[in-house]
Amino acid sequence: MEKSLKNYVNDNVIYTSQFAIIAFIVMIVFKIAMLPSYMYETVGRDSWIVIGILMAIEAAMFFVVLYIVKRINLLADNNKWLYIFHAFMYVYSLIRLTVLYSGLITYTSSSLFDQGRIDFIIIAFAIVIPYIASKGGNGLARLFEIMFYFLVVILLVMVLTPSFKGDLSELTPIFGGKNDKLINGFTDFSVWFGDYIPLLYFTVKKNKNKILNKASLPVAVVSAVIGVVIFYVAFIAVYGEAGGLVYFAFNRMSVFNTLSELLGATNFLSILAWMIMSVLQISLLFLTTCNALMCIIKNRIIAIIINTILISSLELFLIKNLENAHNFAIGYVKYFVIVCEFAIPLAMLIYAKFANKEKV
């Protein structure tokens with residue numbers, strides 16, 4: 001067992017460029033699906049400003065995490081104090097996984113099927129996602145890397161072939177009128193953020209290409225931030241006050257994109273792109289829960305089995321749909337998530353400092 005776990009630790013070493021690709025995908029996928037509608041319901045036309053501020057904070061935290069994972073390997077470290085870290089990581093990741101997983105399940109049942117059977121969809125994902133996660137961080141990073149090029153092509157087609165019309169006046173007045181729920185826009189949606197936390201279980205090494213090593217993460221993160229903000233601006237300009245009623249925003253926005261009269265709407269591209277990204281994101285979160293539990297019970301296979309049964313049961317019997325998951329996410333649990341999103345990286349940053357001093 002010790003040898004097996006040692007090999008698994010080595011399987012979670014990735015390059016800086018792979019770290020950047022993961023960052024780009026996870027920063028955008030769930031923020032352009034259900035979140036635009038929820039955020040518009042809360043803060044209205046100012047949601048593009050709120051998301052911009054939150055994305056800027058998220059971007060900064062990716063660089064903090066990169067600093068940490070270049071210096072320590074949390075899967076290989078047997079310090080007894082790290083059990084506290086693993087416990088918090090497990091609960092935090094399980095909460096996020098439960099909520100976002102429901103988004104993927106609901107999207108699949110409503111977008112790909114006329115009358116989707118939730119139980120069959122959950123069973124299907126319960127086979128696919130644990131299998132992907134069982135390949136370890138390195139295998140998942142390679143999958144992100146392979147799919148990234150397909151996603152870039154799809155996104156470029158959608159961006160370069162717009163035919164929808166929007167009214168930018170829907171964005172004004174900025175902070176106009178009385179908005180009692182503005183603060184809620186910064187707290188209610190904490191479960192949709194913190195995408196940098198799962199990457200703490202990776203160890204990052206330098207690329208041989210110096211340009212990739214230095215520029216890949218800044219380019220990926222800045223592109224993600226700008227892309228998401230522009231998406232929210234376009235979303236509000238198109239739908240205006242109806243924004244709160246438009247679920248699966250990424251899918252709905254792409255309906256307005258046409259390649260030509262022959263090819264018709266490129267809606268199928270949005271479905272393909274979002275499904276790929278969301279499965280990768282959920283697999284990463286699932287891997288995080290498995291890593292955290294594995295570090296506590298010292299058995300990777302049992303950790304995967306426990307998490308598969310637990311998460312599938314939560315989705316099937318407790319959460320059941322996205323609306324229930326959303327109500328859960330904006331409850332008191334949101335404060336625990338917010339604390340973890342800042343406390344966990346800060347604690348590991350301090351730990352990394354002391355760990356490096358002891359090595360010297």
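As the structure is a computational prediction, the values presented were derived from the model and not from experiment. This chain uses plain numbering: 1 for the first residue, then up along the sequence.
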Exercise for the section: Go through the side-chain N and O atoms of Asn209 and Tyr15 and say whether any donor and acceptor fall under 3.5 Å apart. Expected result: no
Practice task
Tell me, with the steps shown, if Trp48 and Tyr40 meet ring pair (Phe, Tyr, Trp, His ring centres under 6.0 Å).
Solution key: CA-CA 9 Å; Trp48 69 279; Tyr40 194 93; over 10 Å; no
Practice task
Please indicate whether Phe150 has more than 12 foreign heavy atoms, meaning atoms of other residues, nucleotides or ligands, lying under 6.0 Å from its CZ.
Solution key: no
Exercise for the section: Using a strict 4.0 Å threshold on nitrogen-to-oxygen distance, state whether Asp188 and Lys181 make a salt bridge. Expected result: no
Practice task
Indicate yes or no: at least one non-hydrogen side-chain atom of Phe286 is less than 4.5 angstrom from one of Thr308.
Solution key: yes
Practice task
Please tell me if the side chains of Arg96 and Asp195 come closer than 4.5 Å, counting only heavy atoms from C-beta onward.
Solution key: yes
Exercise for the section: Please work out whether the ring planes of Tyr332 and Tyr335 are parallel, tilted or perpendicular, with thresholds of 30° and 60°. Expected result: tilted
Exercise for the section: Measure across Val50 and Leu182 and return the closest heavy-atom pair with its distance rounded to 0.1 Å. Expected result: CG2-CD1, 4.0 Å
Problem - Minimum side-chain heavy-atom gap Glu58-Tyr196 below 4.5 Å - result: yes
Problem - Ser102 side-chain N/O to Ala325 backbone N/O, donor-acceptor pair under 3.5 Å - result: no
Handout entry: Heavy atoms of other groups near Phe88 CZ, more than 12 under 6.0 Å
Key = no
Problem - Flag side-chain contact, heavy atom, 4.5 Å: Thr203 against Ile14 - result: no
Practice task
Compute both the distance and the angle, then confirm whether Lys353 meets the cation-pi test with Tyr67: under 6.0 Å from the six-membered ring centre, within 45 degrees of the axis.
Solution key: no
Exercise for the section: Report the distance from atom CD1 of Ile276 to atom CD1 of Ile25, rounding to the nearest 0.5 Å. Expected result: 9.0 Å
Handout entry: Common cluster, Ile53/Tyr38, ILVMFWY with side-chain heavy-atom separation under 4.5 Å
Key = yes
Exercise for the section: Assess whether atom CD of Glu241 is packed by more than 12 heavy atoms of other residues, nucleotides or ligands within 6.0 Å. Expected result: no
Exercise for the section: State, without any angle test, whether Asn207 and Ser17 hold a side-chain donor-acceptor pair at a distance under 3.5 Å. Expected result: yes
Exercise for the section: Answer yes if Phe144 and Leu155 sit in the same cluster of Ile, Leu, Val, Met, Phe, Trp and Tyr residues linked by side chain heavy atoms under 4.5 Å apart, and no otherwise. Expected result: yes
Exercise for the section: May I ask you to test the Phe202-Val65 pair for a side-chain heavy-atom distance under 4.5 Å? Expected result: no
Practice task
Answer whether the closest heavy-atom distance between the side chains of Leu97 and Ile282 falls below 4.5 Å.
Solution key: yes
Handout entry: Cluster overlap Ile226 with Ile21, hydrophobic side-chain contacts below 4.5 Å
Key = no
Handout entry: Heavy atoms of other groups near Tyr131 OH, more than 12 under 6.0 Å
Key = no
Exercise for the section: Verify whether the ring centers belonging to Phe189 and Phe193 lie closer than 6.0 Å. Expected result: no
Problem - Leu100 side chain near Trp192 side chain, heavy-atom distance below 4.5 Å - result: yes
Exercise for the section: Indicate yes or no: at least one non-hydrogen side-chain atom of Phe125 is less than 4.5 angstrom from one of Glu315. Expected result: no
Exercise for the section: Could you state whether Val339 and Phe85 fall into the same hydrophobic cluster, counting links through intermediate Ile, Leu, Val, Met, Phe, Trp or Tyr residues with side-chain heavy atoms under 4.5 angstrom apart? Expected result: no
